[in-house]
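Down below is the structure, laid out as C-alpha cells.
All values derive from a computational prediction rather than experimental measurement.
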Amino acid sequence: SLTTGEHLSFTHCLWATGAGAHDVAFRLGNRGLAISEQGWIRVNQYLQSRSHPNIFAAGDCCIIEGLEKGPPPKAGVYAVRSGPILIENLTKILDREKYTSLVPYKPQEDYMKLMVCGDGTALGFKLGIFFQGKWVFELKDEIDNGFMNLFKVENLPQLTEGQPYDTTQYD
C-alpha cells in the first residue's frame, strides 16, 4: 500500500489517465441537454445532440450513440476525423438545409496509438505491432504539428458568399 510510505521498485513508469467530462457538460445536462451518466454529451451519428437538434458536439466531450459497433474510444484521432463532418453538418444547418441532408460520421476501426515518453522518444502501436524510438517521436510531432497548422489563419479556406465551405483540407 502506497499510503503506508512503502516504496516500489520499477524500471519504467507509465501514467495513463482516461478522459473526463467537463463541468460545463453537467451544467448543460441540468438544463435539459442529453448527457450520459459520465457527463458525455449524447449525440447521434451526425454529431447532433439527442435532445437539441441545433446543438452539435464532437471529440472527447461526447458519446456517439447508434453506431453499429458502438461508440469509438476517447482518442484524438476520432476527434480529428469527425471535424470535417462537424463542419459540413454545421454549415448545412446554418444554410437552413434539411436535417435529412446531414452527413453521418463513420469512425475508422483501427488507429495508430502514439505516446511521448518524455526523453525524445515515443511509443507506438498499430495492427499488433509495437515500435519505439526517436523516429516515432518525430512522426508524432509531425502529425500533431501538421494538424495544428491547418488552423493557422493563413491556411484557412476562404469564405465566399453563396459558395459552400471547402472542408477538403481537413480530410
Could you give the distance from CG (Asp119) to NZ (Lys134), rounded to the nearest 0.5 Å?
-> 10.5 Å

Within-4.5 Å side-chain heavy-atom neighbours: Ser49 and Leu33 | yes

Asn149 side chain reached by Asn155 side chain, heavy atoms, under 4.5 Å = yes

May I ask you to check whether over 12 heavy atoms, not counting those of Glu68, lie within 6.0 Å of atom CD?
-> no

Is Asp60 reaching over with its side chain to a backbone N or O of Lys74, donor-acceptor style, under 3.5 angstrom?
-> no

Keeping the roles fixed (side chain from Lys113, backbone from Tyr111), state whether a donor-acceptor pair exists under 3.5 Å.
-> yes

So which of Ile55, Ile41, Ile85, Leu102 actually passes side-chain contact (heavy atoms from CB on, under 4.5 Å) with Leu47?
-> Ile85

Check: Asp110 main-chain N/O paired with Gln108 side-chain donor or acceptor under 3.5 Å = yes

More than 12 foreign heavy atoms under 6.0 Å from NZ of Lys106: is that the case here?
-> no

Centroid-centroid under 6.0 Å between Phe56 and Tyr46 rings = no

Validation row: Phe147, Asp144 side chains within 4.5 angstrom (heavy atoms) | no

Sub-3.5 Å donor-acceptor pair from the side chain of His22 to the main-chain atoms of Val24, do we have one?
-> yes

Atom CG in Leu28, atom NE2 in His52: separation rounded to 0.5 Å?
-> 9.0 Å

Thr121 side chain to Cys117 main-chain N or O, any donor-acceptor pair under 3.5 Å?
-> no

Is Ile93 linked to Val43 within one hydrophobic cluster, defined over Ile, Leu, Val, Met, Phe, Trp and Tyr using a side-chain heavy-atom separation of less than 4.5 Å?
-> yes

Distance, nearest 0.5 Å, that separates CZ of Arg50 from CD1 of Ile63 = 10.0 Å

Let me see the working for Arg42 and Ile64 under side chain to side chain contact (heavy atoms under 4.5 Å, CB included), right down to the final yes or no.
-> CA-CA 6 Å; Arg42 296 176 56 220; Ile64 306 169; over 6 Å; no

State whether the number of non-hydrogen atoms from other residues, nucleotides or ligands found under 6.0 Å of Phe130 atom CZ is greater than 12.
-> yes

Heavy-atom distance under 4.5 Å between the side chains of Trp40 and Ile35, does that happen here?
-> no

Donor-acceptor side-chain pairing of Asn145 and Asp141 below 3.5 angstrom = yes

Can you check whether Pro84's main-chain N or O pairs, donor with acceptor, with Tyr105's side chain at less than 3.5 Å?
-> no

Under 4.5 Å between any side-chain heavy atoms of Ile129 and Phe131, yes or no?
-> yes

Note, Gln48 side chain near Asn89 side chain (heavy atom, < 4.5 Å) = no

